[in-house]
*Asks:* 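Once you've had a glance at the structure underneath, I'll fire off some questions.
None of these values were measured; they are calculated from a predicted model.
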Amino acid sequence: MSVVSSVPLRILYVEQDSDASLNFIKKFGQDLNINPLEETREALAALKDHYPADAVILSYTPEARAFLKEIRSTPWLQSLPVVVTVPQLTPELAQEAQKAGANDIFPADFSQGDLLLRLHYFLRKNRLKALQPSETPRFNVKIPWWKRLIDVTATGTALILLSPLLLVIILLIRLDSK
């Protein structure tokens, strides 16, 4: 089974360094549909304007932290995979990025790890999650006790009052069918 799908993933690549953007496009341009942007606010505006991104890749900067906070607080963008890049990959930085809301972290030159494999993993994970039944019950209705009391009282009274009429109808049906 192939990891790479026939349709390239749509990636928002946010990087202020134009050389890094060009290197990323040269390295992954044939496999990904890349929309390069320089500012996180541009990326946020594109996402809020319903740009159909499959993932966002951005440099880990103070603006990126604010971007992650905004993405994770927007309900329809919460599941969007966000990969951050750093000049030097350290365990402390990886932990900090994950706490900020990043799904994964890569060195800026993408020398470690397989970015394409990881992006396709995130896409499959989101698709499988979308197929799962929702965790909330469909009908979670609480009826106040007084409404329930009125329902039971009215139904009981109607049955008692209509029972003689129902008995007459039953007798008439039995007499007619003989």
*Asks:* Given 3.5 Å as the limit, does a donor-acceptor pair link the side chain of Asn103 with the main chain of Val83, or not?
*Replies:*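 No: the side chain of Asn103 does not pair with the backbone of Val83.
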*Asks:* Using a 4.5 Å cut-off on heavy atoms from C-beta on, say whether the side chain of Leu172 contacts that of Ile169.
*Replies:*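 Counting from C-beta outward, Ile169 and Leu172 never come under 4.5 Å.
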*Asks:* Are any of the side-chain heavy atoms of Arg10 and Asn35 separated by less than 4.5 Å?
*Replies:*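 Side chain of Arg10 against side chain of Asn35, heavy atoms only: no contact under 4.5 Å found.
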*Asks:* Assigning hydrophobic clusters by single linkage (Ile, Leu, Val, Met, Phe, Trp, Tyr; side-chain heavy-atom cutoff under 4.5 Å), is Leu159 placed with Leu149?
*Replies:*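 No, it is not one cluster - the side chains of Leu159 and Leu149 are not joined through contacts under 4.5 Å.
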*Asks:* Spell out, yes or no, whether Leu171 and Leu162 are grouped together once hydrophobic residues are joined by side-chain heavy atoms under 4.5 Å, including indirect joins.
*Replies:*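 Leu171 does not cluster with Leu162.
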*Asks:* With rounding to the nearest 0.5 angstrom, report the CD to CD distance, Glu63 to Glu39.
*Replies:*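 It comes to 7.5 Å.
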*Asks:* Scan residues 147-178 for pairs that pass ring-ring contact (aromatic ring centres under 6.0 Å, His included), counting only residues two or more places apart or in two chains.
*Replies:*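 Every pair satisfying ring-ring contact (aromatic ring centres under 6.0 Å, His included) with a residue in residues 147-178: there are none.
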*Asks:* Roughly how far apart are Lys48 NZ and Leu77 CG, rounded to 0.5 Å?
*Replies:*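 Answer rounded to 0.5 Å: 8.0 Å.
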*Asks:* Do Pro8 and Leu32 come close enough that some side-chain heavy atom pair is under 4.5 Å?
*Replies:*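 Not in contact.
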*Asks:* Would Val86 and Leu89 satisfy side-chain contact (heavy atoms from CB on, under 4.5 Å), going step by step from the backbone distance to the final call?
*Replies:* CA-CA 6 Å; Val86 292; Leu89 188 59; 4.1 Å; yes
*Asks:* Would you find more than 12 non-hydrogen atoms of other residues, nucleotides or ligands less than 6.0 Å from Gln88 atom CD?
*Replies:*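 No, not enclosed.
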*Asks:* Got a sec, which residues hit side chain to side chain contact (heavy atoms under 4.5 Å, CB included) with Trp146, two or more places apart in sequence or on another chain?
*Replies:*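 Listed in chain order: Pro144, Ile150.
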*Asks:* Tell me which donor-acceptor pairs under 3.5 Å the side chains of residues 109-119 have, and how far apart each pair is, sequence neighbours excluded?
*Replies:*
unit_1 : atom_1 : unit_2 : atom_2 : d
Asp109 : OD1    : Ser111 : N      : 3.2
Asp109 : OD1    : Ser111 : OG     : 3.0
Asp114 : OD1    : Leu116 : N      : 3.3
Asp114 : OD1    : Leu117 : N      : 3.4
Arg118 : NE     : Asp104 : OD2    : 2.4

*Asks:* Which atom names give the shortest non-hydrogen contact between Thr85 and Ala108, and what distance separates them?
*Replies:*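 It is CB-CA, 4.0 Å.
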*Asks:* Between the main-chain N or O of Ala154 and the side-chain N or O of Thr157, is there a donor-acceptor pair closer than 3.5 Å?
*Replies:*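 Absent.
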*Asks:* Do other residues, nucleotides or ligands put more than 12 heavy atoms under 6.0 Å from the CD atom of Gln95?
*Replies:*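 No, because the 6.0 Å sphere around CD of Gln95 holds 12 heavy atoms or fewer from other groups.
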*Asks:* Which pairs pass ring-ring contact (aromatic ring centres under 6.0 Å, His included) with one or both residues in residues 76-101, sequence neighbours excluded?
*Replies:*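 Residue pairs passing ring-ring contact (aromatic ring centres under 6.0 Å, His included), neighbours aside: His50-Trp76.
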*Asks:* Do any N or O atoms from the side chain of Glu38 and from the backbone of Gln16 form a donor-acceptor pair under 3.5 angstrom?
*Replies:*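 No; judged by distance alone, with no hydrogens or angles, the pair does not exist.
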*Asks:* Among Val56, Val84, Val14, which residue satisfies the side-chain contact (heavy atoms from CB on, under 4.5 Å) criterion with Phe67?
*Replies:*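 Output: one option passes, namely Val56.
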*Asks:* Give the minimum heavy-atom separation between Leu68 and Ala100, together with the two atoms involved.
*Replies:*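 Taking every non-hydrogen atom into account, CB-O, 3.4 Å.
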*Asks:* Evaluate whether atom NZ of Lys27 has more than 12 neighbouring non-hydrogen atoms of other residues, nucleotides or ligands under 6.0 angstrom away.
*Replies:*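 More than 12 heavy atoms, drawn from other residues, nucleotides or ligands, come within 6.0 Å of this atom.
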*Asks:* Could you check whether any side-chain heavy atom of Tyr60 comes within less than 4.5 Å of a side-chain heavy atom of Ile105, counting everything from C-beta outward?
*Replies:*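 Sidechains of Ile105 and Tyr60: no contact.
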*Asks:* Roughly how far, to the nearest 0.5 Å, is CG of Asn126 from CG of Leu131?
*Replies:*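 So the CG of Leu131 and the CG of Asn126 are separated by 11.0 Å.
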*Asks:* Calculate, to the nearest 0.5 Å, the distance between atoms CG and CG belonging to Leu80 and Leu47 respectively.
*Replies:*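 Going from CG on Leu80 over to CG on Leu47, the span is 6.0 Å.
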*Asks:* Under 3.5 Å, side-chain donor or acceptor atoms of residues 19-26 against the rest of the protein: list the pairs with distances, not counting sequence neighbours.
*Replies:*
unit_1 : atom_1 : unit_2 : atom_2 : d
Ser21  : OG     : Asp17  : O      : 3.4
Asn23  : ND2    : Asp19  : O      : 3.4

*Asks:* From Leu44 CG over to Leu12 CG, what is the distance, rounded to the nearest 0.5 angstrom?
*Replies:*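 Output value for this atom pair is 10.5 Å.
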*Asks:* State which residues pass salt bridge (charged side-chain N to carboxylate O under 4.0 Å, His left out) with Arg41; sequence neighbours excluded, sorted by chain then number.
*Replies:*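 Arg41 satisfies salt bridge (charged side-chain N to carboxylate O under 4.0 Å, His left out) with no residue once adjacent residues are dropped.
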*Asks:* Which pair of non-hydrogen atoms, one from Ala64 and one from Ser59, has the smallest distance, and what is that distance?
*Replies:*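 What the structure gives for the nearest pair is CB-O, 3.1 Å.
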*Asks:* If I take atom CD1 from residue Ile34 and atom CG from residue Leu9, how far apart are they, to the nearest 0.5 angstrom?
*Replies:*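 Output value for this atom pair is 10.5 Å.
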